[in-house]
There are 2 protein chains.
Amino acid sequence: MTTTDSGRRRLGTTPRTPAQKRVLVAALELIAEHGVSGTSLQMIADAMGVTKAAVYHQFKTKDEIVVGVTEMELATLEDAVAAAKAESDPARARKVLLTQVVDMAVARRPWVRTLQNDPIIIRLLGEHEPFRDFISELFGVLQGDEDSTTARVSAALFSGAIGGAIINPLLDDIDDATLRAALMQFTTRMMNLPD
Amino acid sequence: MTTTDSGRRRLGTTPRTPAQKRVLVAALELIAEHGVSGTSLQMIADAMGVTKAAVYHQFKTKDEIVVGVTEMELATLEDAVAAAKAESDPARARKVLLTQVVDMAVARRPWVRTLQNDPIIIRLLGEHEPFRDFISELFGVLQGDEDSTTARVSAALFSGAIGGAIINPLLDDIDDATLRAALMQFTTRMMNLPD
DNA sequence: GTCTATATCGAGATAGAC
DNA sequence: GTCTATCTCGATATAGAC
C-alpha cells in the first residue's frame, strides 16, 4: 500500500527508473559530505561516470534531485512511525520509534547532519507538504500527544543530541554498536521511557 | 593581554578597521542564515550598501571573511574557557564553562547551527590551527581531563543537544530564559554536575 | 539513456580611476 | 574607502544527434 493510516501518501513510493536511482544514490553520498550548495550536478555526473546532460535527462532540476534524495532517506523511517502508532501505550510507542531513529541515525551518520542542518534541506522540509506532514507525524509520536513545553524541549533535545553527537569528530573512532548503546541509554534517561 | 595561560594567541584579538568590522557583521548574519556556500560576496556587499570591489578591498578572499567571522564568534567563549581553567575543581570548571556556553548558544541561536554544521566551517575548524587549539582546549575542560569513552560521549551529546535544540523549529516560540533554564537542567543532569 | 555543444547566469577575483 | 568595468571560471540548464 502507498498511503498511511492517516491518509498521507507514504514517502519513498514514487516510481523510479534504475537510472534515476543511480542519480539519487550518487547525489546522496555527495550531498551528505558537501551539503546541497556544495554539490554541483557536475560532481554528481562525475561520480556516476556520465555527463551533466545525462543527469538532467533523469531530473529536470537540481531541486528535484534534492527532494528525491530527502524523500528516499526519510522513507526509511516510515515503517518506524507506522509501528509506533500501532502501539496503544504512548510511552511504548515512543520507545519503539526512538530505537528505530537511533539505529537509522547511527547507520547513516554523515547524512543525518545534512538532513538536520543544511539550509536548503531545512527550507525544503518546511515548504514541501509531504515532508511537513511526515515530520509533524514523527514529532507527534515523540511528544506523546501532549503539548507541554517540557515534552517539546525533550523531543528537540533528543533529536539534537542524536544528530549532533553522531557527527561529532570527537566520536569518529567509536564503533556503531557502542555509540548506539550510549545513545539509547541517554534517550531512555532523558525521556523517561521504560527499559 | 593577547595570549592565554597556555601560550595560545587569544582569538578575536586581530586588529580590525571599522570597515572590516562592518563586513564581518554583515557576513555573520548572512552566513548564519544561508550557510557559507549559500552566501555570496554580492549578498554581503548588498547588505552593506556597497559594491563587491569595496568588500574585496577589506578582505582579499572569501575564506578570510569566513575565518574572521568564525574567529569573532568563538572569541566570545575565550573568557569562559579562561574562567573555567582558573577553577581548581574539574567539576566546577565544567559547570562554569557549560553555563557560559549555554548562554552564548541561546543568545546566538542561528549562528550556532552554522558553526557546528556548515561543511566549510567544519573543515576550517579542523585545518586552521588557532581554531583547532581553541576547540581542543574547550573540549578538554568539558571532558574534565579524563579520556574515558563516557566523558567523550557526554561532551558530544552535550554540544549536539545544545546546537540541535537551539535551532529546532519546534522551539522557535520558546523565549530565551525558558530555553536557557531547560538546557541548564538537561546539561546538569547529563554531565553529573553540582547544582 | 547518453552524448557533444552551447546558452546564460552568477560566482570569486582584479585593475585602475576617484 | 569606494567606485566602474572587466576577467575567468563553474554553475544550472537546454538543443539536438546517436
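Reminder, nothing fancy here: chain letters follow the sequence lines and each chain counts from 1.
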Legend entry - salt_bridge(B:Asp79, B:Arg10) N-O dist < 4.0 Å: yes

Identify each donor-acceptor pair in which a side-chain atom of residues 44-52 of chain A lies under 3.5 Å from a protein atom, sequence neighbours left out, and give them as a table.
residue : atom : partner : partner atom : Å
A:Asp46 : OD1  : A:Gln42 : NE2          : 3.0

Legend entry - Contacting residues from residues 55-63 of chain A, given that a heavy atom lies under 4.0 angstrom of DNA chain C: A:His57, A:Gln58

Inset, instruction - With sequence neighbours left out, write down each residue that passes side chain to side chain contact (heavy atoms under 4.5 Å, CB included) with A:Ala181, or none if nothing qualifies. - result: none

Legend entry - All side chain to side chain contact (heavy atoms under 4.5 Å, CB included) counterparts of B:Val101, not counting sequence neighbours: B:Leu77, B:Leu97, B:Phe158

Legend entry - Test side-chain hydrogen bond (donor to acceptor under 3.5 Å, both in side chains) applied to B:Asp63 - qualifying residues, sequence neighbours left out: none

Legend entry - Residue list, side-chain hydrogen bond (donor to acceptor under 3.5 Å, both in side chains) with B:Glu71, at least two apart or on another chain: B:Thr14

Legend entry - Proximity to DNA chain D (any heavy atom under 4.0 Å), residues of residues 27-41 of chain A only: A:Thr39, A:Ser40, A:Leu41

Inset, instruction - Pull out every residue in residues 15-25 of chain B that has a heavy atom closer than 4.0 Å to any atom of DNA chain D, ordered by number, or say none. - result: B:Ala19, B:Arg22

Legend entry - Qualifying side-chain hydrogen bond (donor to acceptor under 3.5 Å, both in side chains) pairs, either residue in residues 173-184 of chain B, two or more places apart: A:Arg152-B:Asp173, B:Asp103-B:Arg180, B:Arg109-B:Asp176, B:Asp175-B:Thr178

Check nucleotides 15-18 of chain C against the protein and report each pair of N or O atoms closer than 3.5 Å, with its distance, or say if there are none.
none

Legend entry - Donor-acceptor side-chain pairing of A:Ser136 and A:Arg132 below 3.5 angstrom: no

What is the distance from [atom1] of [X] to [atom2] of [N], rounded to the nearest Å?
X       : N      : atom1 : atom2 : answer
B:Lys52 : D:dA5  : NZ    : C1'   : 11 Å
B:Gln42 : D:dC3  : CD    : P     : 11 Å
B:Met43 : C:dG12 : CE    : C1'   : 15 Å
B:Asp46 : C:dA11 : CG    : C1'   : 13 Å

Legend entry - CZ (B:Arg92) with more than 12 external heavy atoms under 6.0 Å: no

Side-chain donor-acceptor pairs under 3.5 Å in residues 115-128 of chain B, sequence neighbours left out?
residue  : atom : partner  : partner atom : Å
B:Gln116 : NE2  : B:Ser159 : O            : 3.3
B:Asn117 : OD1  : A:Asn117 : ND2          : 3.2
B:Asn117 : ND2  : A:Asn117 : OD1          : 3.2
B:Asn117 : ND2  : B:Arg113 : O            : 3.1
B:Asp118 : OD1  : B:Ile120 : N            : 2.8
B:Asp118 : OD1  : B:Ile121 : N            : 3.4
B:Asp118 : OD2  : B:Val36  : N            : 2.8

Legend entry - Separation between CZ of B:Arg9 and OG1 of B:Thr13, rounded to the nearest 0.5 Å: 3.5 Å

Inset, instruction - Mind checking salt bridge (Lys or Arg N to Asp or Glu O under 4.0 Å) for A:Arg8 and listing every partner two or more places apart, or none if nothing turns up? - result: A:Glu78, A:Glu137

Inset, instruction - Please check if the side chain of B:Gln58 supplies one atom and the backbone of B:Ala19 the other of a donor-acceptor pair under 3.5 Å. - result: no

Inset, instruction - Check whether any side-chain N or O of B:Thr51 sits under 4.0 Å from OP1 or OP2 of D:dT2, and answer yes or no. - result: no

